[in-house]
Amino acid sequence: MARTATITRQTSESTIELSLDLDGTGKTDIQTSVPFYNHMMTALGKHSLIDLTIRATGDTDIDAHHTVEDTAIVFGEALKQALGDKRGIRRFADATVPLDEALAKAVVDVSGRPYCVCTGEPEGFQYAMIGGHFTGSLVRHVMESIAFHADICLHLYLIAGRDPHHIAEAEFKALARALRFAIEPDPRVEGIPSTKGAL
């Protein structure tokens, strides 16, 4: 059974068209109109092995915030839809990813219960302008939006980091690697990996 989803979301602030395949090879085609976010979502697809196509436009003349947030919302919704009843997946996974001086750890539970904890980012990171359009504060906002709309529990911990670009990229790649293993079919799992019988 194909674990795919295609979602279109349109508001007065943005238009998002997103398709994904959880059993892909990490092939991506990302155009969000926010260059650094293109870079981050490309990394997310590449390192999670999720095939991902995004076309996103919005009121970036005001701020990148709406387009970035709405893209994360749609990604989360598509992830949830493609996972279906979550039968046979590993469910839990973690990954620790370095990028030069930065080191980030992500822990994921595909739980059906949305929760997000992001800690360890240095003071001032939230105000950093990365690539001219993307503020450091948007990283946490993206993670929260994905977690809440995918119904996953995500703990993201920055262990070390100085350069804002490196921090953000290590965090996105850590999420990607944790997702890769959490959503992966486990041949030893029969049915839904929960004592409740549902996720």
Side-chain angles (χ1 to χ4, degrees), residues 4-21 24 26-48 50-82 97 99-100 102 104 106 114-152 154 156 158 161-176 179:
T4 62
T6 298
I7 295 178
T8 298
R9 181 180 191 266
Q10 186 165 6
T11 71
S12 62
E13 297 172 341
S14 71
T15 299
I16 316 296
E17 298 176 359
L18 186 149
S19 297
L20 58 73
D21 181 351
K27 181 180 178 182
T28 61
D29 184 2
I30 313 294
Q31 297 179 32
T32 69
S33 68
V34 180
F36 185 72
Y37 197 35
N38 291 347
H39 182 38
M40 293 300 95
M41 294 306 289
T42 298
L44 180 57
K46 178 70 173 179
H47 295 288
S48 64
I50 295 173
D51 288 350
L52 182 59
T53 300
I54 301 174
R55 295 290 179 272
T57 58
D59 55 1
T60 52
D61 55 316
I62 297 173
D63 194 299
H65 186 104
H66 296 146
T67 302
V68 169
E69 176 184 27
D70 292 350
T71 299
I73 287 170
V74 175
F75 177 80
E77 290 174 345
L79 180 58
K80 179 180 179 180
Q81 181 177 315
V97 173
L99 180 57
D100 294 349
Y115 208 91
C116 186
V117 177
C118 295
T119 58
E121 292 171 349
E123 182 58 36
F125 172 73
Q126 66 269 37
Y127 306 118
M129 185 65 71
I130 311 170
H133 299 83
F134 192 97
T135 56
S137 63
L138 286 174
V139 175
R140 180 176 300 192
H141 198 49
V142 166
M143 299 302 169
E144 290 170 341
S145 296
I146 291 172
F148 292 139
H149 289 272
D151 283 351
I152 64 175
L154 167 63
L156 183 64
L158 184 74
R162 180 187 65 255
D163 181 273
H165 184 141
H166 294 170
I167 290 170
E169 189 166 342
E171 290 176 319
F172 271 87
K173 287 179 176 177
L175 171 63
L179 275 179

Tell me which donor-acceptor pairs under 3.5 Å the side chains of residues 128-139 have, and how far apart each pair is, sequence neighbours excluded?
| unit_1 | atom_1 | unit_2 | atom_2 | d |
| --- | --- | --- | --- | --- |
| His133 | ND1 | Gly131 | O | 3.2 |
| Thr135 | OG1 | Ser137 | OG | 3.1 |

Test side-chain contact (heavy atoms from CB on, under 4.5 Å) applied to [X] - qualifying residues, sequence neighbours left out:
X     : answer
His39 : Phe36, His165, Glu169
Ala78 : Ala5, Ile7, Leu18, Leu20
Lys27 : Thr25, Asp51

I'd like to check [X] versus [Y] (side-chain heavy atoms, cut-off strictly below 4.5 Å). Are they in contact?
X      : Y      : result
Gln126 : Glu121 : no
Arg55  : Asp29  : yes
Glu69  : Val142 : no

Exercise. Output yes when a side-chain donor or acceptor of Thr67 lies under 3.5 Å from a complementary backbone atom of Ala64, and no otherwise.
Key: no
Quiz item: Salt-bridged, Asp100 to Arg162, with N to O below 4.0 Å?
Solution: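 Salt bridge absent between Asp100 and Arg162.
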Quiz item: If you round to the nearest 0.5 Å, how far is CD1 of Ile73 from CD1 of Ile146?
Solution: 10.5 Å
Quiz item: Are Thr32 and Asn38 close enough that a side-chain donor and a side-chain acceptor fall under 3.5 Å?
Solution: yes
Quiz item: Quick one: side chain to side chain donor-acceptor pair (under 3.5 Å) partners of Thr53, sequence neighbours excluded?
Solution: none
Practice problem: Can you run down the ring-ring contact (aromatic ring centres under 6.0 Å, His included) pairs that involve residues 52-75, sequence neighbours left out, and say none if there aren't any? | Solution: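 Sorted pair list: His65-His141.
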